[in-house]
Asks: 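The structure that follows is given in the form of structure tokens.
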Amino acid sequence: MKWIRIIVIIVLLALVAPSTADVIDPNNPGQYHHPDYSPKWAERCYRIENANEYPGYIIGVAPYPNKSDGFVSFDTKRCFLSEFGNITRYSQIYAMRETDYYNLKRENPERITYRTAIPSGYPAPLPSKWYNFYDYAPQNETDVLSIVTLDNSRFILNTTRSYEIFSNGEKHELPVLEPTLMETTPISPIPVPSPESGTAVSTTVTSVPVPGDDRNTTDGNPYIYQYFLLPLLALGVIAALLIRRFKK
Amino acid sequence: MIAATGILIPLLLTIIIESLVLGLLIPTRRAEVLFYSVLINTATLPPATFLYLAFLHNLFLVEVLVILAETVIIAFLFDLPVRRSIALSVIANTVSATIGILIAGL
């Protein structure tokens, strides 16, 4: 009984203990862990198809008012976002080409990482903001893509350099392009105003599946395997050992 | 490089650390300790990591849950009294969590 009481006290203490996220000094951004720093679904997801220079980009919008950059995992198929690593700056929008996602997934099946950063002093009036997207390869800190949000459903995409380096070191040439206005269709349950007519440039829009009832399936979710399959296997072995022992 | 390592390196480190600690505390059953440490930590560390990243954000609470789970498994696998199992679980997890925090930070 004494041990049970001690366990109950420890659990109660743990429950009232402050969140780890809260005890880290927010004034030291390198060490700051935001409570939202976890896998989650983007609230809105957009697919841009046939959009001149950037066909197949998926843009996920996650409303993190105090978010910052870090290593971002963005599952374009399911519009699934997560961040790991240190946070240093704010960010709200994530984008990746589907082809990049699947290439990366092949190279690195455990996790797809993508580094983002945020508005860095561009003199764009609200609601327009600049978001600079960085290469997912850690060795490369150069911009791959910039995005301007005009409203909830229109973006301008622009590259700011002529190449990108994948995590395997392979260098890929990219054309340097003028900003292109994209018209997109939201696929989230959140109502988004229709884009103004006559502003988009050569784009057609399709929607991708809304993350919903299939969230717990393993299809396209790189997390399920490493977090749950291995433990289940271990628990199975433990159960088998115990059953064998009890039978003796 | 976070992407390349995933959860495997933390898991391997935890297995090594907890095997050493449990091996010191149960010196007569070292072969079992190593085998059971692999099973115990493989069963608890990945879900605990997911729990921390996705839901709780409270390392202390997650550690307590891990200690409780491992206590039960240790008690059954090593066929030890609950009191001793709790002690082993608390010591092993305190050491591994402390080293983990020192290495990676919160």
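Per chain, numbering begins at 1; letters A, B, ... match sequence-line order.
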Asks: Tell me the closest heavy-atom pair linking A/Ala234 and B/Ala43, and the distance in Å.
Replies: CB-N, 3.8 Å
Asks: Once rounded to the nearest 0.5 Å, what's the spacing between atom CG of A/Leu241 and atom CD1 of B/Ile73?
Replies: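 Between A/Leu241 CG and B/Ile73 CD1, I get 11.5 Å after rounding to 0.5 Å.
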Asks: With a 4.5 angstrom heavy-atom cut-off, could you sort out which part of B/Leu11 is near chain A: side chain, backbone, both or neither?
Replies: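 For B/Leu11, the side chain is the part near chain A, not the backbone.
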Asks: For B/Asp79, which atoms come within 4.5 Å of any heavy atom of chain A: side chain, backbone, both, or neither?
Replies: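 For B/Asp79, heavy atoms of backbone and side chain both lie under 4.5 Å from chain A.
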Asks: For A/Arg245 versus B/Phe78, what's the shortest heavy-atom pair and its separation?
Replies: NH1-N, 4.4 Å
Asks: Once rounded to the nearest 0.5 Å, what's the spacing between atom CG of A/Leu232 and atom OG1 of B/Thr42?
Replies: 12.0 Å
